[in-house]
K.L.:
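What follows is a structure written as structure tokens; I'll ask about it next.
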Amino acid sequence: MRRISEQDDRALIAEIARRDARALERLYERYRTVVYHLAFKVLNSRESADEVVLEVFWQVWRDAERYDAQRGSIGAWLATIARSRAIDALRARRVAPSVEDDAD
């Protein structure tokens with residue numbers, strides 16, 4: 001199995017910034033499991049974790065040009081986005097009115 005380097009990841013981010021969908025697919029294949037597990041750990045829900053994975057990679061597609069290698073690795077950047085999205089989802093779940101509240 002070939003070890004993936006940070007340089008390979010940075011090349012993918014540069015390609016994604018130029019709107020190369022295949023580069024996004026490759027990055028997704030590399031990191032989807034890590035992002036999913038991080039989101040699942042926060043949310044304890046498969047469905048919610050799946051949604052976070054999609055949100056993370058959608059944000060990567062939109063914001064790839066904003067990645068700053070000086071601030072950390074691609075993996076750390078993805079983990080930060082995933083954690084943030086998972087916490088947002090957790091907060092939304094806590095403040096969402098229940099169906100019973102709507103009935104009153």
K.L.:
List the atom pairs, with distances to 0.1 Å, where a side-chain N or O of residues 75-83 and a protein N or O form a donor-acceptor pair under 3.5 Å, not counting sequence neighbours.
P.N.:
{"from": "T80", "atom 1": "OG1", "to": "A76", "atom 2": "O", "distance (Å)": "2.9"}

K.L.:
Ignoring hydrogens, what is the shortest heavy-atom contact between A64 and A17? Give both atom names and the distance.
P.N.:
CB-N, 3.7 Å
K.L.:
Distance from R94 atom CZ to L90 atom CG, nearest 0.5 Å?
P.N.:
4.0 Å
K.L.:
More than 12 heavy atoms of other residues, nucleotides or ligands under 6.0 Å from CZ of R71: yes or no?
P.N.:
no
K.L.:
Group every Ile, Leu, Val, Met, Phe, Trp and Tyr by side-chain heavy-atom contacts under 4.5 Å, then state whether L12 and V34 land in the same group.
P.N.:
no
K.L.:
Is any side-chain heavy atom of I74 closer than 4.5 Å to a side-chain heavy atom of R30?
P.N.:
no
K.L.:
Within the structure provided, determine whether I16 and I13 are in side-chain contact (heavy-atom separation under 4.5 Å).
P.N.:
yes
K.L.:
More than 12 foreign heavy atoms under 6.0 Å from CD of E47: is that the case here?
P.N.:
no
K.L.:
Would you list the atom pairs, donor with acceptor, under 3.5 Å between side chains in residues 51-59 and any protein atom, with sequence neighbours excluded?
P.N.:
{"from": "Q59", "atom 1": "OE1", "to": "R85", "atom 2": "NE", "distance (Å)": "3.1"}
{"from": "Q59", "atom 1": "OE1", "to": "R85", "atom 2": "NH2", "distance (Å)": "2.7"}

K.L.:
Determine which pairs satisfy salt bridge (charged side-chain N to carboxylate O under 4.0 Å, His left out) with at least one residue from residues 10-20, sequence neighbours left out, and list them in order.
P.N.:
E6-R10, E15-R26
K.L.:
Do other residues, nucleotides or ligands put more than 12 heavy atoms under 6.0 Å from the CD atom of E29?
P.N.:
yes
K.L.:
Do the side chain of R93 and the main chain of L43 share a donor and acceptor less than 3.5 angstrom apart?
P.N.:
yes
